[in-house]
Amino acid sequence: MLKLAVIGAQTLLGRELVNALEAREASVVPLSTGPLTVEEEVGDLVVFAPSQLLLEGLDAVLLADTPDLALLEGFPGRILDLRAEPEARIEPMPLAGPWPKDVKSLRGRPAIEQVLALVPSLLDGVGEVAGTHLRSVAWMGDRGLDGLVEQTLAVLNGEDPDLAKLGYRQAFEVVPVTPAAGKGRLMEIRVPSFHGDLLILHVRAAEGKTLTKKEAPSAVKWVETAPSSREVAVSIDLLVHADLSADGKAAMVTLGFDPVLWGVLRPAMRVLGLM
């Protein structure tokens, strides 16, 4: 049985990680990133203050929030950085398969990368792909959810919202983000929803081929109509709808997914060998 610690177990992401890991063959030590508040001490999940003694004999530490750097000094096991903004210098987790050999630390990938990697398993004959990613605030965890709540309340009260938590105005706003270098033809639009991302792809067939639907892989479900963000937020599956042209040379594909489940929980379980 794997012995793990989740640092930041008092956060939204940390609680989700602890629950998911405990449902598998894993022993989990839930740790905070510092002294606990009264609310955290009496919450439904028992969380312990961080200590190097509690890390002794563990196989891996998962970071859901930022700890004191001294806490991990000399830790001999593996470290998986699953924060919303992980250390860029750390190697990203693979898109498929288990933890690479002889690698001590890995960082998470955005859910969008995990989902895009599934496209060839959904359609035969894929050539050029472009599209739009409608991104909810869930990828930021507690900061995103709390930030959107606070901004929404401010707007409803006729006040200018505080941008400190999100870094941009989101309440009742749709915010296009210019694609970063290396991201291909994919436009990100940040939308004022809490959970449930939508990826709308324009797919063209490769030369000499036609697009055909494949049987959905595990945890992916073909649906009859394009999913809404609400439907996605309450589904454990990745929901996919495809509208193919009559000649099979093009398709409009909508993929709906929970960014925490597909960007953090499922990849973490996979690299740790718990799936």
Side-chain angles (χ1 to χ4, degrees), residues 11-13 15-17 19-20 82 84-85 108-119 121-123 129-156 161 163 165-180 183-203 213 216-243 251-268:
T11 65
L12 168 69
L13 175 58
R15 294 192 298 272
E16 294 284 352
L17 278 167
N19 290 335
L82 296 171
E85 296 168 343
R109 291 176 179 266
I112 189 69
E113 295 182 20
Q114 309 282 346
V115 172
L116 282 171
L118 289 171
V119 172
S121 67
L122 296 170
L123 293 171
V129 177
T132 303
H133 175 204
L134 304 181
R135 194 176 203 187
S136 65
V137 299
W139 69 278
M140 292 187 187
D142 289 295
R143 179 162 57 98
L145 303 184
D146 292 344
L148 183 52
V149 168
E150 291 171 10
Q151 286 195 19
T152 300
L153 291 174
V155 170
L156 290 173
L163 309 185
K165 285 187 178 175
L166 295 185
Y168 61 95
R169 180 165 174 152
Q170 181 66 93
F172 306 120
E173 300 269 353
V174 172
V175 185
V177 180
T178 303
K183 292 295 184 182
R185 301 179 62 193
L186 186 68
M187 172 65 104
E188 177 182 312
I189 298 180
R190 296 175 180 173
V191 294
S193 61
F194 290 93
H195 282 281
D197 283 24
L198 295 175
L199 178 60
I200 303 170
L201 298 179
H202 306 274
V203 182
K213 292 167 59 174
S218 174
V220 178
K221 181 181 179 182
W222 285 107
V223 292
E224 294 298 321
T225 58
S228 68
S229 59
R230 183 193 61 79
E231 291 170 326
V232 171
V234 297
S235 174
I236 61 172
D237 294 320
L238 185 149
L239 305 180
V240 190
H241 173 261
D243 183 10
M252 183 78 74
V253 180
T254 303
L255 302 99
F257 55 95
D258 181 323
V260 176
L261 178 61
W262 285 88
V264 180
L265 301 182
R266 288 184 59 84

Do [X] and [Y] have side chains that approach each other closer than 4.5 Å (heavy atoms only, starting at C-beta)?
X: M140; Y: L148; result: no
X: V119; Y: V253; result: no
X: L163; Y: Y168; result: no
X: D243; Y: H241; result: yes
X: K221; Y: V240; result: no
X: V220; Y: F257; result: no
X: P217; Y: L122; result: yes

Exercise. Count the heavy atoms of every other residue, nucleotide or ligand shown that sit under 6.0 Å from CD1 of I236, and state whether that count exceeds 12.
Key: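 At most 12 heavy atoms, drawn from other residues, nucleotides or ligands, come within 6.0 Å of this atom.
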
[atom1]/[X] to [atom2]/[Y] distance, rounded to the nearest 0.5 angstrom?
X: L265; Y: L17; atom1: CG; atom2: CG; value: 5.5 Å
X: L166; Y: L145; atom1: CG; atom2: CG; value: 9.5 Å
X: L255; Y: W262; atom1: CG; atom2: CH2; value: 10.0 Å

What donor-acceptor contacts under 3.5 angstrom involve side-chain atoms of residues 189-203, with partners at least two apart or in another chain?
unit_1: R190; atom_1: NE; unit_2: E188; atom_2: OE2; d: 2.8
unit_1: D197; atom_1: OD1; unit_2: S136; atom_2: N; d: 3.0
unit_1: D197; atom_1: OD1; unit_2: S136; atom_2: OG; d: 2.6
unit_1: D197; atom_1: OD2; unit_2: H133; atom_2: NE2; d: 2.9

Self-check item: Pairing residues for R266 by the salt bridge (Lys or Arg N to Asp or Glu O under 4.0 Å) criterion, not counting sequence neighbours
Solution: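 Partners of R266 by the salt bridge (Lys or Arg N to Asp or Glu O under 4.0 Å) criterion come out as none, since no residue qualifies.
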
Quiz prompt | Test salt bridge (Lys or Arg N to Asp or Glu O under 4.0 Å) applied to R169 - qualifying residues, sequence neighbours left out | solution =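 Scan of R169 (salt bridge (Lys or Arg N to Asp or Glu O under 4.0 Å), adjacent residues dropped) gives E173.
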
Practice problem: Looking only at non-hydrogen atoms, find the nearest pair between P259 and A111 and report the distance. | Solution: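 Scanning both residues, the minimum pair turns out to be O-CB, 3.6 Å.
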
Kindly say whether [Y] contributes a backbone atom to a donor-acceptor pair with the side chain of [X] at under 3.5 angstrom?
X: Q151; Y: Q170; result: yes
X: S235; Y: V232; result: no
X: D258; Y: V260; result: yes
X: E16; Y: L261; result: no
X: E231; Y: S228; result: yes

